[in-house]
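Side chains are part of it too, since the values below use all heavy atoms of this structure and drop only hydrogens, waters and symmetry mates.
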Amino acid sequence: MQYPDRYDATADDHERFEADLLAQDRDVRSPSTADLDDETAHQVVRDLLDTGTATPVVDQRLLAHEPSDTAFKSMQQFAVFHEGWTAAHDAGERDE
């Protein structure tokens, strides 16, 4: 009688490979906000100020994100939030 080699368990390899490919596809579609440096964050905020998406609250030293009514003290936090908000908003539109 021939027994299967217990060290040659490749039966689930195709499922793991497919799961890895799906994860890579999901990562490519989702923008990463972790790599937003200070210079890029400042540029994003300047652009958002120009378009009216961001409003400075001078007396409290805050930046208000108009579409979500959220305020931030840090330009970096504001830029990361906006990038994530935009990605979530765009994903919601694709689902519809």
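Scanning both residues, Thr70 and Ser68, for their nearest heavy atoms gives OG1-OG, 3.0 Å.
Using a 4.5 Å cut-off between side-chain heavy atoms of Ile, Leu, Val, Met, Phe, Trp and Tyr, Leu49 falls into a hydrophobic cluster with Val44, Val45, Leu48, Leu63, Phe72, Met75, Phe78, Phe81, Trp85.
Evaluation of the ring pair (Phe, Tyr, Trp, His ring centres under 6.0 Å) test over residues 38-64, restricted to residues two or more places apart or in two chains, returns none.
Every side chain to side chain contact (heavy atoms under 4.5 Å, CB included) that Gln60 has, sequence neighbours left out, goes to Val57, Leu62.
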